[in-house]
Structure formats: C-alpha cells, structure tokens
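One structure is given below, encoded as structure tokens.
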Amino acid sequence: MSKKLFIKTWGCQMNVYDSKKMADILASLGYASVEKPDDADLMILNTCHIREKATEKVFSDLGRLREHKQAKAAKGQKALIAVAGCVAQAEGDVILQRAKYVDMVFGPQTYHLLPEMILNATGDRRVVNTDFPAETKFDHLPEDSVSQGPSAFLSVQEGCDKFCTFCVVPYTRGAEFSRPPQQVLEEAKRIVDQGTKEITLLGQNVNAYHGIDAAGATWDLARLIAAIAELKGPERIRYMTSHPRDMNDDLIAAHRDIAKLMPFLHLPVQSGSDRVLELMNRKHTAAEYLEIIAKLKQARPDLALSSDFIVGFPGETDADHQATLELVRQVNFASCYSFKYSPRPGTPGAVMGGVVPEDVKDVRLQELQTILFDQQRGYNQHSVGKIMPVLFDRKGQKAGQLLGKTPYMQSVYVDAPQRLFGKIVDVRIDKATQNGTAGTIVTTEETLNPSHERTAA
Ligand code: SAH
Ligand code: SF4
Ligand code: F3S
C-alpha cells in the first residue's frame, strides 16, 4: 500500500518547483501526493520567509498538522512532520525548540537528501539539515513522475549575491548558482515530451544566469533561451525573476528575435527614488531602469511589463514616494505586486534609521495601488476586441469552462470543451476586469477539427 504525502507550499515559484521535485523524489519511495493532511504519513510545509509573520503562520499550520499526527498515533501509526523552505533555513532551531513534535527541518538546498533524512526521522531521530552542500540537489533530480501540465516551471538558477538590504533570499537560498546548460536542456526536453507547451525558466535572479557547458564556455540567459527555443516542443518561453542590472543587450535582443519568447517581462524596480534605491542597495537608478524599459520596448514594442514595489523602506520620505508614483506613471505597467516594507531579522534594512510608521506605509501603499490597479484594469480593457492565442492551462471552476493565458500573461476565462485543455487556441477577448479577462473561441477550421489544431503540428 502506498504512503500518503501532503505538501503545503508558500512563497515564490521556486518553492512551487521545489515542492514538485520533492513529490517526485518521494514518489520513488512509494509516497503518493494527497490534497489534505488527513491520514498523511508525511506532511511537509514548504515555507517562505520573505515578509513578516512568516514564522507565526508556520506555527499556526504546525498546530493543525499536530492533530493529524496525534490522530494517526491513536491508530498506532506514525506520521512525520517536516518544515522545509526558507523559514526552515532561517529559523530551523526555533522551530525544533518550540514544536517538539516536528520531526524534520531542512533547507532548500538539501531536498536530494530526503530519502536518508526520512529514514533517520522514522527511526525517531529528529533531523535538521540547513547546510549548503557542495554537490547540488540538481545533480540528483529524479525523472518527473507526472506531467507538469501545459505550463511548467524549470529552475535554472538559484540563490542571490545581490544583497538588497531588505531581502532574506541571499541568506536563505545561499550564493548564486547556475545549472549547466546541458542539464537544463535535458530537463526541458523531458518536460515537453510529457506535453508541456510553456516553460518558465526560474531563478531568484534568473537573468544573472551564467551556466558553464561541457566545453567550459559560459552561457548567458539569452543563449539558453535561444537553445530552448530550438528544441522541438516548447511553444512559449518565459523567465522570472530578473534584476534590472542583469538585463544585458543580448537578452533585450532576444525579445526581438525569438518568437517563442513571450512578450511579457517581470522586472522589479522596488522604488522610483534614487535615494531609496541606493539605501536598498539596488545598484541602479530610476533613470537607468527607464532606459532599459525603453530599449526593451524598442526591441519588442508590444512588451507588457510588471514589477514589484516596496513602500515605506526606512528613510523613505514623501518626496521619494512621489518619485515612485511618477515612475509608475511613466512606465504604465500591465500588472504589479506591491508590498509594505517588512523588516527581516538579519538584513541591513532591519537596523536602519528612519523607520516609516505603519499608518504612513498604509497610505502610501494605497496611493500606489490605486495607480497600479488602474493601469492593470486599463491594460486588460485595452485588449477587449482583440484576438489572441490563449494557452488553456487550468480548468475553470464551472464545468465547461477553461482558463488560459494570453502571451501577455493575462488570465482568460473561456467557455470551452475540455479537449482543448493544454492547447493554444485563438480567443477573442470580450470582457476585462482588473484581474483578468473573459473571451470566446474564434471558431476556425483548426478549433472545429481537433486533428487540425495548430498545436497538434
Ligand atoms: N529576486 C527578485 C524578487 C525577490 S522577492 C528581485 O530581485 O526583485 C519578491 C519581492 O518581495 C521583491 O521584489 C520585493 O518587492 C518583495 N520583498 C522582498 N523583501 C521584502 C521585505 N523585507 N519587505 C517587503 N517586501 C519585500
Ligand atoms: Fe532579494 Fe535583491 Fe536578490 Fe532579488 S536581487 S533576491 S530582492 S537580494
Ligand atoms: Fe520566499 Fe524563499 Fe522564495 S523567502 S520568496 S520562498 S526564495
């Protein structure tokens, strides 16, 4: 009988990718994934430490998992509880101390050691592993056990050497590391062989990618994207998250030259004030960011842009905040994420003077979001009436409905037969809201006759 595995994932796409890989590793040990923790033999919380209350959230979830563990124990069976991810890396000791019923705590770079760790934990030895091992987890990845669906993540780079003063990632994920191009290409081939149409290359700093091939040559991200585009199979390529400083000319040119590279880019700027950017150690100015955007737009005029923003970083004045609003007005983003600054223990920002009061952060966030949400709504509105190729990558909540993505990363709800799941189909956008759109399939020869679907070629 197979054992049951429950994984809950917080945080970035990297964690989503890691959870998938953990499930693959554990599948080879006889664990089948389940949606709920009830009766699970192994429960893993894959955690995120990026903003406040991360640890508290983990403890509140742990409390619930403990009940499942006790219920299982009452039946004379053993269930293991594990905390993985960035909270485990940053606060592993605290977790072990405060929650005696936790069996395993391990950081993001140790997943390949799971079989051994489980063996130890099953033998009643509590496991803690927050090392940064010399050999990487990527050298031990199992074959994918199940298809990733129409749209898949592929980690190509991990860790970060940028040390933005607000951010925990360099501490939780470790130094920047790029997977060798050959390894990436092989994984890409495996993914598309299982039917995936869209690959999103992942990295905390993905455009800093510098993989070394067997001949000793260094590949940048532009070269890697070009090689993946050459493969038979993937129809859409994306990458995230990028840093403005690593947006080199070749990568910009790739947006012009590589048709499979989708016209959407998430390029976080965080602030529009040079003073704050310097305090944040971002190592670029607002003008430099705008220059990169201008070059990108020249290469690919229809490129849709998104960004992350932090309001209320220590030292941020009203004038700095106005500079951020001004930058937003100049760029006109298709979508965005915005956050109130949250001091992270161990980062330089946490001990900087000029702390911005919470109520001021609230007002600034609201002002910023009013503009960002307006732009997002405007962007979606602007698509109404257009016909776009949509990749159906999710099932809608209602029967007979599919959810897809335009090249510009907008969500589209469409009444569509299930057989079109995983296909790219022309859709006319009929309606738009702030968060997405709804459309109708444009009935052509291709969509009427499945054997002629454009993706079947
Ligand atoms: N590597 C990416 C993003 C990493 S984290 C980059 O370089 O931009 C994702 C986003 O979380 C960041 O872009 C930032 O906007 C936000 N973030 C990170 N640390 C934060 C903090 N301490 N408080 C608030 N937001 C934060
Ligand atoms: Fe964090 Fe900055 Fe690295 Fe992004 S570039 S992961 S924000 S330190
Ligand atoms: Fe969170 Fe770690 Fe990703 S802190 S955002 S899960 S790298």
Side-chain angles (χ1 to χ4, degrees), residues 7-19 22 45-55 57-58 83-91 107-109 111 130 153 155 157-177 201-209 239-247 265-272 276-284 289 305-314 316 324 333 335-352 355-356 358 361 364-365 368-369 372:
I7 307 185
K8 177 168 175 179
T9 310
W10 284 274
C12 60
Q13 286 85 354
M14 208 77 150
N15 260 12
V16 175
Y17 176 87
D18 285 344
S19 289
M22 284 195 267
L45 299 179
N46 194 8
T47 60
C48 172
H49 202 234
I50 203 84
R51 279 173 291 275
E52 63 177 338
K53 301 203 182 103
T55 319
K57 279 186 215 153
V58 172
V83 182
C86 292
V87 175
Q89 187 67 41
E91 309 208 37
Q109 307 307 346
Y111 300 150
T130 48
F153 293 136
S155 279
Q157 181 278 335
E158 200 169 339
C160 182
D161 295 340
K162 294 277 193 299
F163 290 94
C164 302
T165 51
F166 51 81
C167 182
V168 291
V169 171
Y171 311 96
T172 60
R173 293 274 167 170
E176 206 182 286
F177 165 82
L201 306 178
L202 294 183
Q204 262 93 28
N205 232 226
V206 72
N207 60 342
Y209 178 82
Y239 59 96
M240 75 184 299
T241 296
S242 297
H243 192 289
R245 271 179 57 91
D246 295 310
M247 214 59 227
L265 180 63
H266 181 61
L267 191 63
V269 62
Q270 316 295 355
S271 167
V276 174
L277 287 171
E278 191 166 346
L279 288 169
M280 288 177 165
N281 193 31
R282 291 290 287 183
K283 299 201 179 83
H284 64 81
Y289 180 83
L305 289 154
S306 93
S307 175
D308 294 338
F309 290 92
I310 295 176
V311 300
F313 189 73
E316 185 188 72
T324 298
F333 290 97
S335 65
C336 269
Y337 299 92
S338 43
F339 313 100
K340 288 192 282 180
Y341 171 65
S342 159
R344 309 311 293 134
T347 60
V351 290
M352 282 184 184
V355 170
V356 176
E358 215 49 35
K361 283 188 200 167
R364 288 185 188 164
L365 185 67
L368 175 63
Q369 289 188 337
L372 290 174

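All ligand and atom numbering here is 1-based and tracks the order in the structure. Position 1 is the first residue of the sequence, and the numbers go up from there.
- Remark: the backbone N or O of Ala350 is not paired with any side-chain donor or acceptor of Arg344 at under 3.5 angstrom.
- Remark: minimum distance from atom 24 (C) of ligand 1 to any protein heavy atom is reached at Lys340 O, 3.4 Å.
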Candidate pair Cys336 and Ser307, rule side-chain contact (heavy atoms from CB on, under 4.5 Å), full reasoning: CA-CA 5 Å; Cys336 269; Ser307 175; 4.0 Å; yes
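- Ligand 1 has no N or O atom lying under 3.5 Å from any N or O atom of Phe339, backbone or side chain.
- At least one heavy atom of Ile50 sits closer than 4.0 Å to an atom of ligand 1.
- In summary, Cys48 places no N/O/S atom under 2.8 Å from atom 2 (Fe) of ligand 3, failing the contact criterion.
- Ligand 2 places these atoms under 4.0 Å from at least one heavy atom of His243: 5 (S).
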Intermediate values then yes/no, side-chain contact (heavy atoms from CB on, under 4.5 Å), Val269 and Phe309: CA-CA 7 Å; Val269 62; Phe309 290 92; 3.5 Å; yes
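- Which parts of ligand 2 touch Pro170 is read off a 4.0 Å heavy-atom cut-off, strictly below it: atoms 8 (S).
- Protein heavy atom at the shortest distance from atom 1 (N) of ligand 1 is Gln204 O, 2.6 Å.
- For Ser342 (side chain) and Arg51 (main-chain N/O), no donor-acceptor pair under 3.5 Å exists by modelled atom type.
- Annotation for Glu176: atom CD counts as buried by contact number, over 12 foreign heavy atoms lying within 6.0 Å.
- Per-residue contacts place His49 under 4.0 angstrom from the following atoms of ligand 3 (heavy atoms of the residue considered): 1 (Fe), 4 (S).
- By the definition of a contact as any protein heavy atom under 4.0 Å away, atom 20 (C) of ligand 1 is in contact.
- Side-chain atoms of Asp308 never come within 3.5 Å of backbone atoms of Pro268 as a donor-acceptor pair (strictly under, hydrogens ignored).
- The single protein non-hydrogen atom nearest to atom 11 (O) of ligand 1 is Arg51 NH1, 2.9 Å, given as residue, atom name and distance.
- Against a heavy-atom cut-off of under 4.0 Å, Arg282 is close to the following atoms of ligand 2: 2 (Fe), 7 (S).
- In this structure, atom 3 (Fe) of ligand 3 lies nearest to the protein heavy atom Cys12 SG, 2.3 Å.
- Close approach to Lys162 involves these atoms of ligand 2, each under 4.0 Å from a residue heavy atom: 3 (Fe), 5 (S).
- To the nearest 0.5 Å, atom CG of residue Asn281 and atom OG1 of residue Thr347 are 12.0 Å apart.
- Nearest protein neighbour of atom 2 (Fe) of ligand 3, counting heavy atoms only, is Cys86 SG, 2.2 Å.
- Here the protein heavy atom with the shortest distance to atom 14 (C) of ligand 1 is Gln270 OE1, 3.4 Å.
- Backbone and side-chain nitrogen or oxygen atoms of Ser342 are examined, and one is located within less than 3.5 angstrom of a nitrogen or oxygen of ligand 1.
- Within the set Asp161, Thr172, Val168, Asn205, the minimum heavy-atom distance to atom 4 (Fe) of ligand 2 is found for Asn205.
- Ring geometry for Phe333 versus Tyr289: interplanar angle of 30 to 60°, hence tilted.
- Taking the ring centroids of Tyr171 and Phe163, they lie under the 6.0 Å cut-off.
- Less than 4.0 angstrom separates some heavy atom of Pro268 from each of these atoms of ligand 1: 8 (O).
- Each of the following atoms of ligand 1 lies closer than 4.0 Å to a heavy atom of Arg344: 22 (N).
- Using a 4.0 Å cut-off between charged nitrogen and carboxylate oxygen, Lys361 and Glu316 do not count as a salt-bridge pair.
- Remark: ligand 3 atoms within the under-4.0 Å shell around heavy atoms of Gln204 are 7 (S).
- Judged purely by atom type and a 3.5 angstrom limit, Thr241 has no side-chain atom pairing as donor or acceptor with the backbone of Gln204.
- Under a 4.0 Å criterion applied to the non-hydrogen atoms of Phe166, ligand 2 contributes the atoms 7 (S).
- Of all the heavy atoms of Arg282, the ones lying under 4.0 Å from any atom of ligand 1 belong exclusively to the side chain.
- In terms of N/O distances under 3.5 Å, ligand 1 is approached by Asp308.
- Put simply, the side chain of Asn205 never gets that close to the backbone of Gly159: no donor and acceptor are under 3.5 Å apart.
- Around atom 3 (Fe) of ligand 2, the closest heavy atom drawn from Cys167, Pro244, Cys160 belongs to Cys160.
- Between the side chains of Gln109 and Glu158, at least one donor-acceptor pair of N or O atoms lies under 3.5 Å.
- Short contacts between ligand 2 and Cys164, defined as distances under 4.0 Å to a heavy atom of the residue, involve ligand atoms 2 (Fe), 5 (S), 7 (S), 8 (S).
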Salt bridge (charged side-chain N to carboxylate O under 4.0 Å, His left out) assessment of Glu358 paired with Lys340: CA-CA 9 Å; Glu358 215 49 35; Lys340 288 192 282 180; 3.4 Å; yes
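- Screening Ser242, Ser335, Ser306 against His266 for a side chain to side chain donor-acceptor pair (under 3.5 Å) leaves a single residue, Ser306.
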Leu372 vs Ser338, side-chain contact (heavy atoms from CB on, under 4.5 Å): CA-CA, chis, key distance, verdict: CA-CA 9 Å; Leu372 290 174; Ser338 43; 3.9 Å; yes
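- Proximity of a side-chain donor or acceptor of Arg282 to a complementary backbone N or O of Gln270 within less than 3.5 Å is not detected.
- Put simply, part of Arg173 is less than 4.0 Å from ligand 3, judged by heavy atoms.
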Ile50/Cys167 under side-chain contact (heavy atoms from CB on, under 4.5 Å): CA gap, chis, key distance, verdict: CA-CA 7 Å; Ile50 203 84; Cys167 182; 4.2 Å; yes
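- Ranking the protein heavy atoms by distance from atom 2 (C) of ligand 1 puts Thr241 CG2, 3.6 Å first.
- The residue Pro268 has no part lying near ligand 2, judged by heavy-atom distances below 4.0 Å.
- Taking 4.0 Å as the cut-off, Glu52 does not count as a neighbour of ligand 1 on heavy-atom distance.
- In terms of protein heavy atoms, atom 6 (S) of ligand 3 is closest to Asn15 ND2, 3.3 Å.
- Here Phe163 has backbone heavy atoms under 4.0 Å from ligand 2, and that is the only part of it that gets that close.
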